[in-house]
Amino acid sequence: MAPKDDPDDRGFGDQRRPSQRSTVLAIPALAVNDPKVDPKIASDLPANYVDEDEGAPKLYTPSLFEKILNYALCRGDIANQQLEAQPVSIPGLFRYGKKFDYFLLFIGTICAILSGVSQPILALVSGRVTNALLVYPPTSRQFRNKANENVYIFLGIGIFISITNFIQYMCFQHCCTRVMAQMRHRFVYSILRQNAGWFDKNHSGTITTKLNDSMERIREGIGDKLGVLLRGFAMLIAAIVVAYIYEWRLASMMLGVAPTCCICMSLLARQMTSTTIKELIGVGKAGSIAEESLMGVRTVQAFNGQEEMVGRYEAELEKGRKFAVWKGFWSGLFGGMFFFWLFSFLGCGMLYGAYLLRVGIISTPGDVFIVVMSMLLGAYFLGLISPHMMVLLNARVSAATIYQTIDRVPKIDPYSKAGKRLQNVVGRVKFENVHFRYPSRKEAKILNGLNLTVEPGTSVALVGHSGCGKSTSVGLLTRLYEPEGGNVTIDGVDVRELNIEWLRNTIGIVQQEPILFNDTIHNNLLIGNPGATREKMIEVCKMANAHDFIEKMPKGYDTLIGDGGVQLSGGQKQRVAIARTLIRDPKVLLLDEATSALDAQSESIVQSALNNAAKGRTTIMIAHRLSTIREADKIVFFEKGVIVEAGNHEELVHLGGRYFDLVKAQQFKADPEAGEEEFEEEEIDLDDTSRSSRRSSMTSARSGSDAFRRGNSLNDSFSGARGSARADAENNAFAAHEAEIMAQDGQITAGYLDIFKNAKGNYFYMFLGTVFALIRGLELPALALIFGWVFEGFTFVPYGGRMMHRMAMAVIAFASVGVGVWISQLASNLSMRFRVQSFRNLLYQDASYFDNPAHAPGKLITRLASDAPNIKAVVDARMLQVIYALAAIIGNIVIAFIYCWQIGILGTSLILLLAFVMIGLAYKISLMNIEQIKNDEAGRIAIEIIENVKTIQLLTRCELFFDHYQTASKQQKRSELKKGMIEAVNYSITQSFMYFMMCFTYAVGIRIIYQGDKTSDDTFKGIIAMMLGAVAVMNSAQYFPEFVKAKTAAGMLFNIIYRKPRTGDLMEGDRPEIRGNILFENVKFSYPQRPLQPIMKGLQWTALRGQTVALVGPSGSGKSTNIGMLERFYDVTGGVLRIDGQDIRNLSLYHLRTQMALVGQEPRLFAGTIRENVCLGLKDVPLEKINQALELANANRFLANLPAGIDTDVGEKGGQLSGGQKQRIAIARALVRDPKILLLDEATSALDSESERAVQEALDRAREGRTCVTIAHRLSSIQNSDLIVYIDKGKVQEAGNHTQLMQKKGRYYKLIKKQDLAV
């Protein structure tokens, strides 16, 4: 990588090249005649409004020269095709090569050319031997000497070629690996600099696919394939030269063979390209769907949406599959024609040569063989490489799209060094007449002339409905977006003039959904400030109230938290995120709902921490929980993108306007017996009344309530040593069991057989394909026999086996047509089926599967993307190649044994040796592949980067993540290079085996003829048969690594397909009518990833049918875990969870989830329309039912403003909606099912008070007649619950309703006091 200190070099040397940027041409994207944009809107856009992210795709039409070249290669389609990007020139593929890479390329090219030239020389030497066999009397001394000298030539060439081949492969492989690593680095580097608007258009799923698929495609184009291409061309030219040297007439006749073969192949390529492109579109979309579903897998499961997601996935893949089948048809058809012409020319050439021999123009029969064979070899290899041309074009187009991303320098460029850096920042923030709309949604204007000034050192709170532009204004301040009109200034300087990195370092932001990275807590904090010491960390963690829970973690600050911080509760994540911001010591602090995920206890602590942190800083807060902002110096109320009320808490309450309504909505009900003095004396009584009142509230479940009280009063009875010892032992046993399960998850047992076992319904195709393949496999043995006849013919009559020839060839040509068709049908069927099966099974796994770091969603997505296509090898054309080869080898061995058993024995043993060596090497390579897949750190980091770019940019840590990625990627490069060595040995053996085969068989054959054991023509047939057998081995051997890859892939995929979720089969179990009584009976639980830290230690509480139970308690005390257990993401490790008195494990999980609905803390929506999101997992829902649910969820207000109403697309992960809008859609999604049990995990935390009140009303309406379990940190939303359960340290500490708990003056009372808004 370029040295850090030279800023110009960070562009990675693009400056030296005229850049072909096509995306960045700023085209006024919103001309009024643009059909997509409503003219009304266009008219109120500023005249010069340009949105750079709309850069219209510039199509590329090939130049005249390229057209001529394409027509010459019969690729008229390419000549007229408009590609999405100008394909990079071939040298352009090596744009990121260093000097050493070019040196490697040079050496590789020379070796490839040498290797190519040596093929026709093989024909030349064979011709000389043939000559010796035909001309000299077999038993003469002269014959023996002449023939043997050729044997030595074979040996020499063989050794030479094996060396050059090895060097050629190594050079290309090495260069390719290095260049690809560079390109990947550049790509990730460039992704890290793109602006938010670009990401709104380019979904992370698509980018990931680009990083995996397109890169893979370029790698294929510039690796050893390039060497093969060069070799092919060298071979053709050498062949023509040799042929013309020997006999120009015959050579001229044979000259037609090369163009004819080329035409066949390029027509084939032409059909393949168009179909491939169409096939890939579907695959990319399917990738996006998979990524979303795996990232939000719990939501999909909770709503039984698995089948729907699988259906969507399948539909996208199905689109691609049609084209795959056509691809097979064309490949069979043209492949067949290719061989047909090849063999026809062979026949005609022999005939014409025989004629010339008879007329006496050619003196020796060997010359005929030399000319015909060398031309054929040249043409044959040319035909073989023509498909590689396609690979090259694919690589060039892929490179073009990737270079576009790499070259794109956004206007808001985090890497730019330009811009002012203010010395002493005071921190006055000012919005002047700011207008804004999101680039991806032109129709909705968010800010309409916002004016706001924040004085230095003061705090301003923004309140208002969700979607009114609060978070947007924060985005403009950090320059994620730029306003279309007006200015945002800091200390009077427009943020657009400031250096971005400096700006984002000055402004600290805590976001609504905190994003942590897959690393230790220590390193997550370092991301905030790389220079921080551990002392500083502890200090800020204490400020953010995070130090205590971090200390309790297994390794303290060095505890790994999983992908996206899976191992922490919402509140814990939030606190770490706050600490990460505080450690930066920012001058301006932006808190976007920073405490929404916290319980009241931590909130009040964190809030005071934030208040401490805010001293001397300019603070802008967005909060929906008003108790958190009433201390603010100024509160402004947003509506429709402008400010309608401003002032401090008291003033606004006096005003009695909109803010006052919000406050009213969040106040607690006054307690009926408010006189506090009376309680003081009658302490004991009080306890009694509270107990009796509790009893009365629970008489209906006598046993439950008794159990409850017992659980409450006795929960300390086990606290003796014995109890804790027992608990420890249980935990340890659990831990051991867990470890075992994890180990099992990692084992790979499946292999080839599983692939065939799972191919039901395709056996017919398989059978047909195999039959055709066997027929076609006889092509080489037939060739051997025909050569024998021709040879015989030359010994007496110059007219030999002509009819036979043409007939045999025609048969072979037709057979090969048949083959292609059947098989492709099969391959794409299976590949798609495996993809779908594995995806389906992933969606059914229990939560602990995803908690395992080895199954981070990023890794699983990569698996899905690459494993299924790799399995194809076992069932598509590649399998057939192997069947042909087997048939051919067996046929040839039989022939050799019939004609000349001595040569048969020698040849067979050589072939076996070759096969043995190749299989051994391939096995070794496969082991290395598995190793690589397991350690694919780079892939994981890349996905983490792509998912969280905005956060990384706001933390100004692009460089840091890029370095992480680079380190991981270098690791991978090393293992690639190690693997390359073995592949090179493999390649060089297969390519030069022919020479050694000829050398040995002729040596033996000459001896046999000399001694008179066999006639020369029998021996010749034996030798030719063995030689063609070797060809067959070589042809099929190249597929060996693919098979091995397929086995690895099959292992991984079937692991996924066969894995049974711990929660058992969804459909099995009883399906009683669920009434909605819930009982947690002495439940014990610890997360499988952390078996030694129990979350529940004998939890006991009951919810009766129709009751609303609220769970409160500090964050991390296992409240959300309760809901996870009810949804059965996890099963209890001790005790029982009962629903209507039945153990939840005996109920059908599918049935249970239809009766239960969950609204989670961070609402997950999926790409698609609002209607599709609401109906997730349900079959056709009548429109009125949807509307009713939307009405209940209070979502119809904002739906009315959306252009397409209920059919508005929500964007990837619902990104086009604001938090509150997402939340209401999620609530509607829960209500449309009419569940018996409603689970609300912080359902209103993302809402502003007004929507919260609306949603709260909605929820109150929704709760009627249902059992509702709710978790909320905003206590005003739960005060009217029937039962409030305070959970801490894995047990219930207090329970009762609001009034009772208030009188008890225990922990709940303390919480309330912290949040009370009494005016």
Side-chain angles (χ1 to χ4, degrees), residues 72-73 105-131 150 152-169 171-172 224-262 265 338 341-342 345-346 349-350 353 362 364 366-386 388-389 987-988 990-999 1027 1030-1031 1034-1035:
L73 285 170
L105 262 185
F106 176 68
I107 302 284
T109 311
I110 289 177
C111 287
I113 291 171
L114 284 176
S115 164
V117 173
S118 63
Q119 283 288 358
I121 294 178
L122 177 67
L124 206 149
V125 183
S126 312
R128 288 182 53 177
V129 177
T130 316
N131 217 11
N150 290 312
Y152 295 118
I153 297 179
F154 274 132
L155 188 60
I157 295 181
I159 292 170
F160 173 69
I161 292 299
S162 34
I163 296 171
T164 45
N165 274 331
F166 178 74
I167 298 177
Q168 173 206 327
Y169 193 93
C171 287
F172 278 111
D224 39 320
K225 293 270 197 311
L226 201 58
V228 174
L229 270 174
L230 288 168
R231 220 179 99 209
F233 278 116
M235 210 177 278
L236 177 68
I237 291 162
I240 293 174
V241 172
V242 169
Y244 268 97
I245 290 173
Y246 271 86
E247 176 50 64
W248 62 270
R249 293 182 187 78
L250 185 51
S252 305
M253 195 222 102
M254 291 295 292
L255 200 58
V257 67
T260 317
C261 291
C262 266
M265 282 329 223
F338 172 70
W341 286 112
L342 195 64
F345 269 103
L346 175 64
M350 285 298 184
I362 295 183
T364 55
D367 292 359
V368 178
F369 271 89
I370 290 179
V371 176
V372 174
M373 288 310 289
S374 65
M375 288 300 280
L376 272 186
L377 272 174
Y380 180 68
F381 277 99
L382 192 66
L384 286 190
I385 62 176
S386 159
H388 293 319
M389 297 288 294
Y987 175 79
S988 108
T990 48
Q991 295 302 325
S992 44
F993 181 72
M994 282 283 278
Y995 300 98
F996 297 117
M997 183 69 140
M998 302 279 281
C999 167
M1027 190 176 116
V1031 171
M1034 279 160 60
N1035 280 349

Look up atom [atom1] in [X] and atom [atom2] in [Y], then write down how far apart they are to the nearest 0.5 Å.
X      : Y       : atom1 : atom2 : value
Met998 : Met1027 : CE    : CE    : 4.5 Å
Asn131 : Ile370  : CG    : CD1   : 7.0 Å
Ile107 : Thr109  : CD1   : OG1   : 9.0 Å
Met375 : Ile240  : CE    : CD1   : 5.0 Å
Ile167 : Ser115  : CD1   : OG    : 11.5 Å
Glu247 : Met253  : CD    : CE    : 12.5 Å

Tell me the closest heavy-atom pair linking [X] and [Y], and the distance in Å.
X      : Y      : result
Arg231 : Ala112 : CG-O, 3.2 Å
Ser374 : Pro120 : CB-CB, 4.4 Å
Gln168 : Cys111 : CB-CB, 3.7 Å
Tyr246 : Leu124 : OH-CD2, 3.6 Å

Check: Ser988 main-chain N/O paired with Ser992 side-chain donor or acceptor under 3.5 Å: yes

Side chain to side chain contact (heavy atoms under 4.5 Å, CB included), paired with Ile161, selected from Phe993, Phe166, Tyr995: Tyr995

Check: Phe996 and Leu155 side chains under 4.5 Å, non-hydrogen atoms: yes

Side-chain heavy atoms of Tyr244 within contact of Ser252, under 4.5 Å: yes

Stepwise side-chain contact (heavy atoms from CB on, under 4.5 Å) test for Ser126 and Phe154: CA-CA 9 Å; Ser126 312; Phe154 274 132; 4.1 Å; yes

Partners meeting side chain to side chain contact (heavy atoms under 4.5 Å, CB included) with Leu114 (sequence neighbours left out): Ile110, Phe160, Thr164

